[in-house]
There are 2 protein chains.
Amino acid sequence: MSRHRKDTAIESVFQALADRTRRQMVERVSQSPATVSELARPFSITLAAAVQHVQVLERSGLVRTEKQGRVRLVMVDPAGLSALRQWLDERRNLWETRLDGLSTILREKPKR
Amino acid sequence: MSRHRKDTAIESVFQALADRTRRQMVERVSQSPATVSELARPFSITLAAAVQHVQVLERSGLVRTEKQGRVRLVMVDPAGLSALRQWLDERRNLWETRLDGLSTILREKPKR
DNA sequence: CAAATAGTCAAGCGAATACTTAATTATTAT
DNA sequence: ATAATAATTAAGTATTCGCTTGACTATTTG
């Protein structure tokens with residue numbers, strides 16, 4: 001698993017969630033699968049815009065979709081969310097252990 | 001704490017981390033505090049650009065900064081990261097419990 | 001004090017985003 | 001078969017974003 005691919009993966013997750021509308025779509029879909037139209041309704045955006053949001057979410061692995069007839073069902077995909085969780089876990093140790101000794105570091109650091 | 005303020009807070013965290021350079025800056029600073037110049041060095045960007053990144057990170061609560069003489073020290077701030085963690089935790093239950101019954105839901109859903 | 005260093009601010013530029021409208025396709029309902 | 005519904009695609013537009021350059025303000029340092 002190359003470092004670069006991983007980076008772009010998590011990048012797409014952050015980018016997807018950086019948008020308020022998409023975040024709310026993820027939340028909506030976390031309750032139960034929804035169609036693209038259903039996802040569009042609460043916001044004052046066109047269906048076309050909603051389709052584009054769903055595509056962004058799908059590429060990032062935050063949702064899966066499945067076409068059933070003329071409708072596309074959108075549902076959460078654990079992949080994107082666990083990627084986010086993993087990223088967070090990997091870094092948590094880092095800064096948590098650091099914070100314990102932070103004041104100490106600050107006292108030593110100013111060597112300029 | 002109003003719902004809207006919370007939303008914009010997490011929004012700024014996602015937006016901040018959506019950028020590769022800023023993500024790496026957070027990691028660098030997780031090791032130990034660093035000056036703005038030190039943060040700029042590994043990337044081929046100007047100091048001015050680095051300043052802007054630090055400002056974005058600071059507004060999102062991912063880092064704190066402290067001016068010491070002509071130098072500005074940048075260090076991790078637990079706030080932004082725990083905001084992210086909290087957002088994740090709040091949603092995890094939702095989709096995790098959902099996923100157990102997901103195949104069932106899919107079997108029931110197609111009512112069109 | 002003069003020169004070098006670290007950072008900051010403002011303006012501007014190109015690329016990426018989030019949107020729209022309009023045209024098109026596929027499916028379901030009458 | 002016709003009409004309505006759901007989604008998709010393409011193209012264009014306005015805004016936001018990451019970045020640069022250039023001017024300016026501290027602070028060290030020689």
Side-chain angles (χ1 to χ4, degrees), chain A residues 7-26 28-29 32-60 62-75 106 109-112, chain B residues 7-8 10-29 32-60 62-75 106 109-112:
Chain A
D7 279 6
T8 57
I10 194 66
E11 177 128 344
S12 72
V13 172
F14 280 124
Q15 278 170 355
L17 292 173
D19 183 88
R20 199 169 194 282
T21 303
R22 281 193 294 262
R23 248 175 4 253
Q24 288 182 234
M25 283 181 168
V26 169
R28 164 64 187 80
V29 158
S32 69
T35 66
V36 180
S37 298
E38 282 166 0
L39 288 178
R41 216 181 315 283
F43 311 100
S44 48
I45 56 173
T46 60
L47 184 56
V51 168
Q52 288 165 14
H53 279 308
V54 168
Q55 287 167 347
V56 171
L57 289 171
E58 191 166 18
R59 278 185 225 117
S60 73
L62 284 162
V63 305
R64 284 191 308 114
T65 77
E66 200 173 308
K67 188 111 185 189
Q68 290 187 3
R70 66 181 165 182
V71 140
R72 179 174 297 275
L73 277 186
V74 183
M75 59 207 89
L106 282 177
K109 188 81 183 182
K111 56 189 170 210
R112 281 183 181 71
Chain B
D7 280 4
T8 58
I10 193 67
E11 177 129 343
S12 71
V13 173
F14 280 124
Q15 278 171 355
L17 292 174
D19 184 87
R20 195 167 197 282
T21 302
R22 281 192 295 262
R23 261 185 340 265
Q24 288 182 233
M25 282 181 169
V26 169
E27 303 204 8
R28 164 65 186 81
V29 158
S32 70
T35 65
V36 179
S37 299
E38 282 166 359
L39 288 179
R41 214 179 319 280
F43 311 98
S44 48
I45 57 175
T46 59
L47 185 55
V51 168
Q52 288 165 15
H53 280 308
V54 168
Q55 286 168 347
V56 170
L57 288 171
E58 190 166 21
R59 280 185 223 116
S60 74
L62 284 162
V63 306
R64 285 190 308 113
T65 78
E66 200 173 307
K67 187 112 187 191
Q68 288 187 4
R70 69 181 163 181
V71 140
R72 178 174 297 276
L73 276 186
V74 184
M75 59 208 88
L106 282 177
K109 189 81 182 180
K111 57 189 171 207
R112 283 183 180 73

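Computation of the quantities below employed the complete heavy-atom set of this structure, encompassing side-chain atoms and omitting hydrogens, waters and symmetry-equivalent molecules.
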What residues, two or more places apart in sequence or in another chain, satisfy side chain to side chain donor-acceptor pair (under 3.5 Å) together with A/S12? none
Ignoring the backbone of [X], work out which of [options] is nearest its side chain.
X	options	value
A/R70	D/dT5, D/dA7, C/dG7	D/dT5
B/A49	C/dA6, D/dT9, D/dT20	D/dT20
A/V71	C/dT20, D/dT27, D/dA7	D/dA7

Using whole Å, report how far [atom1] of [X] lies from [atom2] of [N].
X	N	atom1	atom2	value
B/Q24	D/dG18	CD	P	14 Å
B/K67	C/dA6	NZ	P	12 Å
B/L47	D/dA26	CG	P	17 Å
A/I45	D/dT15	CD1	C1'	17 Å
B/E38	C/dT5	CD	P	15 Å
B/L73	C/dG7	CG	C1'	13 Å
B/L39	C/dT8	CG	C1'	16 Å
B/R59	C/dT8	CZ	P	12 Å

Starting at OG1 of A/T35, measure out to NZ of A/K67 and round the result to the nearest 0.5 Å.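 Between A/T35 OG1 and A/K67 NZ, I get 11.0 Å after rounding to 0.5 Å.
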Hey, could you give me the CZ/CE distance between B/R64 and B/M75, rounded to the nearest 0.5 Å? 5.0 Å
With sugar-phosphate meaning primed atoms plus P, OP1 and OP2, does [X] contact a base, only sugar-phosphate, or nothing at under 4.0 Å between heavy atoms?
X	result
A/V51	base
B/A50	nothing
A/S44	sugar-phosphate

Give the stems involving DNA chain C, where a stem is 3 or more consecutive Watson-Crick or G-U wobble pairs (i with j, i+1 with j-1, and so on) under 3.5 Å.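 Listed by first number, the stems are C:1-30 with D:1-30.
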Verify the contact: side-chain N or O of [X] to OP1 or OP2 of [N], cut-off strictly under 4.0 Å; return yes or no.
X	N	result
A/R72	D/dT8	yes
A/Q55	D/dT9	yes
A/T46	C/dT20	yes

Please list, one pair per line, the donor and acceptor atoms closer than 3.5 Å that link side chains of residues 39-59 of chain A to other protein atoms, with sequence neighbours excluded.
residue, atom, partner, partner atom, Å
A/T46, OG1, A/A49, N, 3.3
A/H53, ND1, A/R22, NH1, 3.1
A/E58, OE2, A/T65, OG1, 3.1

By salt bridge (Lys or Arg N to Asp or Glu O under 4.0 Å), B/R23 pairs with (sequence neighbours left out) A/E11
Side-chain donor-acceptor pair present, A/Q24, A/R20, cut-off under 3.5 Å: yes
What is the minimum heavy-atom distance between A/A16 and A/L62, and which atoms define it?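 Result for this residue pair: CB-CD1, 3.7 Å.
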Look for any protein N or O under 3.5 Å of an N or O in nucleotides 16-18 of chain C and output each such pair with its distance, or none.
residue, atom, partner, partner atom, Å
C/dA18, OP1, A/R22, NH2, 2.8
C/dA18, OP2, A/R22, NH1, 3.3

